[in-house]
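Okay, structure first, notes after.
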Amino acid sequence: MSVINSKDVINIIRKALNLIDYRLVNHGERVGYILYKMMQYENAYSEKEILDYTISGLFHDIGAYKTEEIDNLVKFETNNVLGHSIYGYLFFKYLSPLDDFAEAILYHHIDYDKLIKLDSKHKPIAEYLNLADRIDVYKISSKQALDPNLFLNQRDKKFSGRALELFQNAQKEYKIIEHIEDDSYIIELNQLMESATFNSTEKEMFLYMLAYSIDFRSEYTVMHNIATVSIADELGKLMNLSLEDQYNLHYGALLHDIGKITTPLDILEAPRKLTYDEMMIMKQHVAMSEAILKDYIEPDIMEIAIRHHEKLDGSGYHKGLTAEQLTLPQRILAVTDIISALSGKRSYKDSFDDEIIIKILTKDANDGKLDKDVVECVIANLDKLLSDSEDKCSVTLFIYQDINNKFKEIYNQISNLH
Ligand SMILES: [Fe+2]
Ligand SMILES: [Fe+2]
Ligand SMILES: [Fe+2]
């Protein structure tokens, strides 16, 4: 059976984050690398801790999907960075297997003179992460060769003495900046990632974390993803897919809209039908999913994920494939995506009731767009498919709302630090 290995789960998230905004490409990787080399020099952490902290470093800006904050992140001087630190923390804490490392992300933009008043065992790493982040952003925004002494006048104010000294020593020993400049750091980082060993639950958590981070504030899209996985899992069994196909369908469903990480939020959340131009931009999410997944995941899974808008008569996108090219798992996901979209609530529409869903699916099947057997199976089981997916969504909704409440709480706590 095809298996997504641990390093490729990490790679999918790296690739997706790199595509969010061209100005931040590889930012997480450079920051993760600087942090890695600082920890290596310090020699105070186990191999596993170094790996886990480095992964936290790679994904330290995972909460930054909010576009306005990305604008702020690429500026050197900015105060408005709290939101993404908190979201990143909450994603790590509640949705990733690295929950224990989340505080390093929460505090990665807190000045040292404030950080010192907080109580957390992750303070040293937060200090290193803060410095590593500023070093990289300074390099991006100034485009100048980096002077390793640059930040010394901020000692004990923005940055801790131990972080500054550690960076200077690690830089002397390992030539960190030079490795970043000639891109050889990527090889070293990839070697480190080879040692990652997550079990299947942990891998799945990482992928869900990514799905959440794509449009965390869009309740609809999170629910759409959960419903799609739930319905696809059940339909796969009902249609007697082999275990391998069921596995592929599950991951294909989980990853099917991953390319939406690059879709602008105003289009993703437009409270109305999209205009033609907006629709064209929306449709690009499939090509983006392909770009994210193609090097890291079995083609069988990727093709299920990226063919969910294809139609049997060739009228779908993004390749306009036809019936003979579309496998049963791919056809199942295409039907599932429609059910999940129709049964979901959006700001401008309520969920459609069963009769309308059946009418739309039947028409598409009769018009030769959707697979008749799959649609028949859906109609025979619609009640159960929808009620099971609703149950799963209500669990997720609870987590979602809980995270949003915690966001406000933590925001108030941290912004009151003096
Ligand atoms: Fe950040
Ligand atoms: Fe950053
Ligand atoms: Fe889609």
Side-chain angles (χ1 to χ4, degrees), residues 17-18 20-21 23-35 56-66 68-89 91-92 104-111 126 128-141 211 213-215 218 220-221 224-225 227-229 232 252-263 267-268 274 279 281-290 292-293 304-311 316-318 330 333-342 344 414:
L17 294 185
N18 276 344
I20 296 180
D21 191 290
R23 292 165 299 181
L24 277 177
V25 164
N26 293 338
H27 167 68
E29 304 184 354
R30 292 185 297 262
V31 171
Y33 176 74
I34 297 171
L35 177 66
S56 314
L58 287 176
F59 303 152
H60 73 279
D61 279 335
I62 194 159
Y65 180 62
K66 208 174 155 205
E68 317 87 79
E69 284 212 2
I70 290 181
D71 291 341
N72 283 323
L73 291 186
V74 290
K75 288 186 209 133
F76 187 64
E77 288 297 340
T78 175
N79 293 317
N80 191 13
V81 285
L82 202 48
H84 83 275
S85 311
I86 301 174
Y87 274 126
Y89 162 76
F91 294 153
F92 258 73
I105 293 178
L106 178 60
Y107 300 131
H108 82 269
H109 284 293
I110 305 285
D111 289 347
Y128 307 164
L129 201 50
N130 187 12
L131 179 65
D133 181 88
R134 293 298 93 185
I135 288 172
D136 188 57
V137 171
Y138 179 82
K139 252 184 92 29
I140 303 173
S141 58
S213 67
I214 291 171
D215 32 28
S218 160
Y220 161 75
T221 319
H224 171 69
N225 203 46
T228 305
V229 175
L254 175 50
L255 297 166
H256 81 284
D257 272 341
I258 203 152
K260 283 191 180 164
I261 201 160
T262 64
T263 310
I267 293 182
L268 212 52
L274 297 178
M279 197 59 205
I281 296 173
M282 181 66 139
K283 284 182 171 182
Q284 289 169 2
H285 78 274
V286 182
M288 297 319 288
S289 298
E290 184 170 15
I292 292 168
L293 299 174
I304 294 170
I306 65 169
R307 292 180 176 188
H308 67 277
H309 291 295
E310 301 286 0
K311 306 275 185 248
Y317 62 94
H318 68 304
Q330 292 164 11
L333 188 58
V335 175
T336 302
D337 186 57
I338 296 173
I339 313 169
S340 169
L342 292 175
I414 296 193

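Each ligand, and each atom within it, is numbered from 1 in the order the structure gives.
- Aromatic ring pairs are classed by plane angle as parallel below 30°, tilted from 30° to 60° and perpendicular above 60°; the pair His308 and His256 is perpendicular.
- When atom types are taken as modelled, the side chain of Asn130 and the backbone of Ile110 share a donor-acceptor pair closer than 3.5 angstrom.
- Restricting His27 to its N/O/S atoms, the shortest distance to the Fe ion (ligand 2) is reached by NE2.
- Not a single N/O/S atom of His60, whether from backbone or side chain, sits less than 2.8 Å from the Fe ion (ligand 1).
- Among heteroatoms of the N, O or S kind in Asp257, OD1 lies nearest the Fe ion (ligand 3).
- When the Fe ion (ligand 2) is compared with the N/O/S atoms of Asp133, atom OD1 turns out nearest.
- Note on Asp61: its N/O/S atom closest to the Fe ion (ligand 2) is OD2.
- Seen from the Fe ion (ligand 1), atom NE2 of His108 and atom NE2 of His109 lie 80° apart in angle, a value rounded to 10°.
- Seen from the Fe ion (ligand 3), atom NE2 of His309 and atom NE2 of His308 lie 80° apart in angle, a value rounded to 10°.
- Among the backbone and side-chain atoms of His285, an N, O or S atom lies under 2.8 Å from the Fe ion (ligand 3).
- Contact of the Lys260 side chain with the Leu268 side chain is registered, since non-hydrogen atoms from C-beta on lie closer than 4.5 Å.
- Distances from the Fe ion (ligand 1) to each N, O or S atom of His84 single out NE2 as the nearest.
- Proximity of a side-chain donor or acceptor of Glu310 to a complementary backbone N or O of His318 within less than 3.5 Å is detected.
- The side-chain heavy atoms of Tyr107 and Leu129, taken from C-beta on, include no pair separated by under 4.5 Å.
- For Asp337, every N, O or S atom stays at 2.8 Å or more from the Fe ion (ligand 3).
- Residues Val81 and His84 are in side-chain contact: their nearest non-hydrogen atoms beyond the backbone lie under 4.5 Å apart.
- Checked by atom type and distance alone, the side chain of Ser340 never pairs as donor or acceptor with a backbone atom of Asp337 at under 3.5 Å.
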